[in-house]
Structures are given as C-alpha cells and as structure tokens.
There are 2 protein chains.
Amino acid sequence: MGNPKQKWTSEEEEALRAGVAKHGAGKWKNIQRDPEFNHLLFARSNIDLKDKWRNLSVASGQGARDKSKTPKAKINPADTPATPLLTAQTSTPLFHHPKMHQQM
Amino acid sequence: MGNPKQKWTSEEEEALRAGVAKHGAGKWKNIQRDPEFNHLLFARSNIDLKDKWRNLSVASGQGARDKSKTPKAKINPADTPATPLLTAQTSTPLFHHPKMHQQM
DNA sequence: CCCTAGGGATAGGGTTAC
DNA sequence: TGTAACCCTATCCCTAGG
C-alpha cells in the first residue's frame with residue numbers, strides 16, 4: 001500500500017496543543033484552518049487532529065501503564081495447555097481462539 | 001514461560017499467500033474472514049497474518065538485505081560514520097495530501 | 001452537506017522464545 | 001546468534017450521529 005505511516009513531529013504536536021488551548025478541544029476543523037497553525041498542520045486532516053488528541057489523552061496519565069521492561073509473569077494469552085491432551089489431532093490444532101483483536 | 005508459540009504450517013502459509021493474491025496485502029481481516037481461507041486461518045488473527053507476511057517478506061529478501069537496523073543505542077564505539085549531511089534540513093515532507101476529510 | 005465522536009483495522013517497533 | 005512468533009502502540013480508515 002502507500003501508507004508510510006506519517007509519525008507526528010514535535011512541532012505538529014505542539015501546534016495541536018496550542019490549537020486546542022486556543023479554540024478548544026473538538027474544534028478540529030477550526031484549528032486546522034487557523035492560519036496560525038495551518039503552517040504546521042496543513043498535512044493533517046481534522047480527523048487526524050482528533051485521533052492524535054485522543055492518543056495524547058490516553059498517554060497523559062490516563063493509563064498508568066508501567067512502561068518498565070519487567071514482563072515479570074506474562075499471563076497466558078490463550079488457555080494454558082496444562083493438559084497435554086494427546087487427542088487425535090495432527091494438523092488441526094485445538095480450537096485455539098486467536099487474540100481476537102477485532103472480530104465482529 | 002509457557003508460550004505455545006504456534007508455528008505456521010505450510011497449509012496456513014499457502015492460505016495466506018492465496019489470500020494476499022486474492023484480496024491484496026493489507027486486507028488481513030478480509031482474508032481471515034474469507035470462508036475460503038478461514039478454514040485454515042481460523043486460529044490466526046489479522047495481526048498474525050500481517051506479522052507472518054512481514055516475516056515472509058524478510059525471508060524472501062524483498063526488503064533491505066542489510067541487517068543494520070538502526071540500533072537504538074549507540075553503536076559507533078570510536079569510528080565516525082562518514083555519513084554526509086543530507087540536505088534534508090526542513091522536516092517538510094513531500095506534499096502528502098491529507099485524506100481531505102474537509103472539502104469533498 | 002459538513003463536522004465530530006467512536007470503533008475498527010493496519011503498519012511498525014519492540015520483546016521473547018527457540 | 002539469528003529468526004519466528006507475539007505483544008504493544010501510533011496512525012489511518014469507516015460509519016453513525018449532530
């Protein structure tokens with residue numbers, strides 16, 4: 001595909017913060033159109049601003065996520081094969097439900 | 001730890017290749033949902049498909065053959081990389097048109 | 001018709017097991 | 001050590017509601 005995934009720069013993020021401080025959160029189109037920030041946000045759509053703000057909110061204290069590199073005891077993602085059931089299954093694994101990131 | 005780490009079978013890999021050929025790379029969820037491939041990929045998530053495709057591409061040497069993957073930490077012990085300064089001073093990316101969620 | 005809010009999915013980085 | 005499989009996060013896409 002042609003999506004190099006444009007990461008947000010510090011300048012863009014600052015412009016977004018300033019824009020929110022000036023116009024208020026939710027006024028994405030207004031912020032994007034503001035000549036004061038359009039210099040830095042011309043490459044972002046109002047939707048992008050919204051998404052970035054959402055991400056910033058989560059990263060700001062919302063989630064007390066411990067970024068420590070201490071995986072300690074990672075809980076088993078799937079059912080723990082505590083029982084090495086030797087049932088007849090050569091190629092077909094058990095009903096190993098995937099992580100189900102998103103499945104409707 | 002006891003991570004099952006299900007290795008990909010040839011059938012799954014073939015299904016993935018066929019799925020990509022049919023739906024295109026990037027449409028992982030679509031491939032996984034396809035009744036034609038769900039038979040073999042029901043135990044894999046869309047994320048798994050993406051990851052497997054990435055590993056497949058690397059193994060095929062599609063990407064960069066060079067394994068110098070920009071070490072996060074410093075690698076140059078004493079030698080100075082003769083990397084000429086790129087003219088890329090401004091962080092102005094190419095005119096990447098935003099998805100234009102504004103004016104249609 | 002335009003814009004915002006939210007959910008869903010993808011791309012890439014980083015970590016762990018073998 | 002190197003590779004495969006896995007997990008996490010940022011960004012992008014789609015749809016519903018105002």
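To find a chain, count down the sequence lines: A is the first, B the second, and so on, and within it residues start at 1.
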Derivation and outcome, side chain to side chain contact (heavy atoms under 4.5 Å, CB included), residues L56(B) and R17(B): CA-CA 10 Å; L56(B) 240 44; R17(B) 287 181 198 270; 4.0 Å; yes
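At the phosphate of dT9(D), neither OP1 nor OP2 sits under 4.0 Å from any side-chain N or O atom of N55(A). Contact annotation: K27(B) does not reach the phosphate of dT10(C) (side-chain N/O to OP1 or OP2, under 4.0 Å). Within the 4.0 Å cut-off from OP1 or OP2 of dA5(D), not a single side-chain nitrogen or oxygen of R44(B) is found. Under 4.0 angstrom from either OP1 or OP2 of dA11(C) there lies at least one side-chain N or O belonging to W28(B).
Between K7(A) atom NZ and dA11(C) atom C1' there is a gap of 13 Å when expressed in whole angstrom units. Note: CG (L49(A)) to C1' (dG6(C)) measures 16 Å, nearest angstrom. Protein atom CD1 of I31(A) is 14 Å distant from nucleotide atom P of dC3(C), rounded to whole Å. Protein atom CG of L56(A) is 10 Å distant from nucleotide atom C1' of dA10(D), rounded to whole Å. For N30(B) and dA9(C), the CG to P distance is 10 Å, given to the nearest whole Å. In this structure, CG of N46(B) is placed 15 Å from C1' of dG12(C), rounded to the nearest angstrom. Distance, I47(B) CD1 to dG8(C) C1': 11 Å, rounded to whole Å. Taking atom CG of residue D48(A) and atom P of nucleotide dC14(D), one finds them 13 Å apart after rounding to whole Å.
With hydrogens and angles left out, the side chain of K50(A) and the base of dG6(C) share a donor-acceptor pair within 3.5 Å. Applying the 3.5 Å distance criterion, the base of dC7(D) shares a donor-acceptor pair with the side chain of D51(B). Judged by distance alone with a 3.5 Å cut-off, a donor-acceptor contact links the side chain of K5(A) to the base of dA10(D).
Of the two residues near DNA chain D, K52(A) and K52(B), the one whose nearest nucleotide lies more 5' is K52(B).
Proximity of W28(A) to D51(A): side-chain heavy atoms (C-beta onward) are nowhere separated by under 4.5 Å. L16(B) has its side chain out of reach of F37(B): every pair of non-hydrogen atoms, C-beta onward, lies at least 4.5 Å apart.
When each of dG8(C), dA9(C), dC6(D) is scored by its nearest atom to the side-chain atoms of K29(B), the top-ranked nucleotide is dA9(C). Among the nucleotides dC13(D), dC12(D), dC6(D), the one closest to the side chain of W8(B) is dC6(D). The side chain of R54(A) has dG8(C) as its nearest neighbour among dG8(C), dC6(D), dT11(D).
With a cut-off of 3.5 Å on both Watson-Crick or G-U wobble distances, the partner of dG8(C) is given as dC12(D).
Residues D34(A) and H23(A) approach most closely at OD2-NE2, 2.6 Å, considering heavy atoms.
Among R44(B), K52(B), Q6(B), the single residue meeting the side-chain hydrogen bond (donor to acceptor under 3.5 Å, both in side chains) criterion with E12(B) is R44(B).
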